[in-house]
Asker: 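My structure is below; once you've seen it, I'll send some questions.
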Amino acid sequence: MSAEQTRSTTPHVLVVDDEYFNYEMLSVALSEVFTLSYADSGKSCLSNAIAQRPDAILLDVCMPGLDGYDTCRLLKNTPETKDIPVVMLSGLETEQEQQAGFEAGCDAYVVKPFSMQSLLEKLKLMV
């Protein structure tokens, strides 16, 4: 199979996190199943998602500037990105925080630290 064929059949996941280290960890764990790309802010997430529509977005909640909640609301209220599944990743584990994520429009809310295997299973169901 050529690289072009692999690229078109491998689901694309956009990872949005202000900490590049987190992207590297996810990349190691998920790159056998998904093609990953990286955005370091909510603002770059929106432009990346429009330019190269991902099959799913992994979105960190705590980021400077546009946080994950605001970014998710923007994604879900933008015609080009409203149907992309969004998985919020957060160290904030209270019911209120999770509720805020779902109210912002996320499709899943995963509390850090999390099992890479369970994240992988969630993503597979979405793409």
Side-chain angles (χ1 to χ4, degrees):
M1 190 182 293
S2 74
E4 192 59 41
Q5 287 171 313
T6 304
R7 206 175 0 255
S8 64
T9 58
T10 305
H12 171 215
V13 175
L14 175 60
V15 177
V16 186
D17 198 310
D18 58 318
E19 296 288 333
Y20 188 76
F21 176 76
N22 292 332
Y23 167 72
E24 290 178 317
M25 297 297 292
L26 289 163
S27 184
V28 168
L30 304 176
S31 62
E32 287 186 25
V33 181
F34 301 104
T35 300
L36 297 174
S37 59
Y38 175 70
D40 64 359
S41 69
K43 190 173 180 182
S44 63
C45 166
L46 193 61
S47 57
N48 285 3
I50 291 171
Q52 297 182 331
R53 182 184 165 87
D55 296 296
I57 296 173
L58 289 178
L59 180 59
D60 184 34
V61 171
C62 297
M63 295 186 294
L66 273 179
D67 68 11
Y69 301 124
D70 289 337
T71 302
C72 189
R73 272 189 279 283
L74 277 171
L75 289 165
K76 295 301 183 176
N77 287 301
T78 300
E80 298 90 335
T81 59
K82 68 181 174 64
D83 297 326
I84 301 170
V86 175
V87 177
M88 293 188 122
L89 302 176
S90 177
L92 306 172
E93 58 189 63
T94 67
E95 260 185 60
Q96 291 89 342
E97 296 290 350
Q98 294 182 43
Q99 187 62 35
F102 287 111
E103 286 172 2
C106 77
D107 298 275
Y109 190 102
V110 177
V111 177
K112 298 175 188 175
F114 51 83
S115 150
M116 283 294 180
Q117 190 59 41
S118 68
L119 179 61
L120 186 60
E121 295 305 318
K122 271 187 182 22
L123 281 171
K124 283 180 179 176
L125 292 171
M126 291 183 177
V127 296

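Quick note: numbers below take in every heavy atom, side chains included, and nothing from hydrogens, waters or symmetry partners.
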Asker: Enumerate the side chain to side chain donor-acceptor pair (under 3.5 Å) contacts for residues 76-86, please, sequence neighbours excluded, ordered by first and then second residue.
Answerer: K76-D107
Asker: N48: which residues meet the side chain to side chain donor-acceptor pair (under 3.5 Å) condition with it, sequence neighbours left out?
Answerer: none
Asker: Is there side-chain contact between T35 and P11, with heavy atoms separated by less than 4.5 Å?
Answerer: no
Asker: Which atom names give the shortest non-hydrogen contact between A104 and C72, and what distance separates them?
Answerer: O-SG, 3.6 Å
Asker: Show the nearest heavy-atom pair for residues S44 and A39, with the distance to one decimal.
Answerer: OG-CB, 3.5 Å
Asker: Considering residues at least two apart in sequence or located in another chain, which fulfil the side chain to side chain donor-acceptor pair (under 3.5 Å) criterion with S31?
Answerer: none
Asker: Please report the closest heavy-atom contact between E93 and Q98, naming both atoms and the distance.
Answerer: O-NE2, 3.0 Å
Asker: Among L123, L58, L89, find the one that has a side-chain contact (heavy atoms from CB on, under 4.5 Å) with V110.
Answerer: L89
Asker: Mind checking the OG-CD spacing from S47 to Q52? Nearest 0.5 Å is all I need.
Answerer: 10.0 Å
Asker: With sequence neighbours excluded, what pairs up with E103 under the side chain to side chain contact (heavy atoms under 4.5 Å, CB included) test?
Answerer: Q99
Asker: According to a 4.5 Å side-chain heavy-atom criterion applied to Ile, Leu, Val, Met, Phe, Trp and Tyr, with indirect links allowed, do V86 and V15 form part of one hydrophobic cluster?
Answerer: no
Asker: What's the separation between atom CE in M63 and atom CG in D18, rounded to the nearest 0.5 Å?
Answerer: 6.5 Å
Asker: Does L119 share a hydrophobic cluster with V111, counting links as ILVMFWY side-chain heavy atoms below 4.5 Å and allowing steps through other members?
Answerer: no
Asker: Find the distance between OG (S41) and CG (L66) and round it off to the nearest 0.5 Å.
Answerer: 7.5 Å
Asker: I need the minimum non-hydrogen distance between G42 and V16, along with the two atoms involved.
Answerer: N-CG1, 4.4 Å
Asker: Can I57 be reached from L26 by stepping across I, L, V, M, F, W or Y side chains whose heavy atoms are under 4.5 Å apart?
Answerer: no
Asker: Could I get the full list of side chain to side chain donor-acceptor pair (under 3.5 Å) partners for D70, not counting sequence neighbours?
Answerer: R73
Asker: For the CE atom on M116, are there more than 12 heavy atoms of other groups (residues, nucleotides or ligands in this structure) within a distance under 6.0 Å?
Answerer: yes
Asker: Sequence neighbours excluded, which residues qualify as ring pair (Phe, Tyr, Trp, His ring centres under 6.0 Å) partners of Y38?
Answerer: Y20, Y23
Asker: Mind checking the CE-CG spacing from M25 to N22? Nearest 0.5 Å is all I need.
Answerer: 8.5 Å
Asker: Listed by chain and number, what are the salt bridge (Lys or Arg N to Asp or Glu O under 4.0 Å) partners of D55, not counting sequence neighbours?
Answerer: none
Asker: Using the side chain to side chain donor-acceptor pair (under 3.5 Å) rule, collect all pairs that involve residues 118-127, keeping only residues at least two apart or in two chains.
Answerer: Q117-E121
Asker: Between V87 and C106, is any pair of side-chain heavy atoms under 4.5 Å apart?
Answerer: no
Asker: Decide whether L59 and L120 are clustered together by the hydrophobic rule: side chain heavy atoms of Ile, Leu, Val, Met, Phe, Trp, Tyr closer than 4.5 Å, transitively.
Answerer: no
Asker: I need the minimum non-hydrogen distance between H12 and P54, along with the two atoms involved.
Answerer: ND1-CA, 3.3 Å
Asker: Taking the side chain as everything from C-beta on, heavy atoms only, tell me whether L30 gets closer than 4.5 Å to V13.
Answerer: no
Asker: Quick test of your reading: applying ring-ring contact (aromatic ring centres under 6.0 Å, His included), list the pairs with at least one residue in residues 64-117, sequence neighbours left out, ordered by first then second residue.
Answerer: none
Asker: Flag yes if F34 and L14 sit in one hydrophobic cluster, no otherwise; membership is Ile, Leu, Val, Met, Phe, Trp, Tyr, and two members link when side-chain heavy atoms are under 4.5 Å apart.
Answerer: no
Asker: Roughly how far, to the nearest 0.5 Å, is OG1 of T71 from CG of L46?
Answerer: 8.0 Å
Asker: I need the full list of salt bridge (charged side-chain N to carboxylate O under 4.0 Å, His left out) pairs touching residues 23-52, with sequence neighbours left out, sorted by first then second residue.
Answerer: none
Asker: Sequence neighbours excluded, which residues qualify as salt bridge (Lys or Arg N to Asp or Glu O under 4.0 Å) partners of R53?
Answerer: none
Asker: Scan residues 56-66 for pairs that pass salt bridge (charged side-chain N to carboxylate O under 4.0 Å, His left out), counting only residues two or more places apart or in two chains.
Answerer: D60-K112
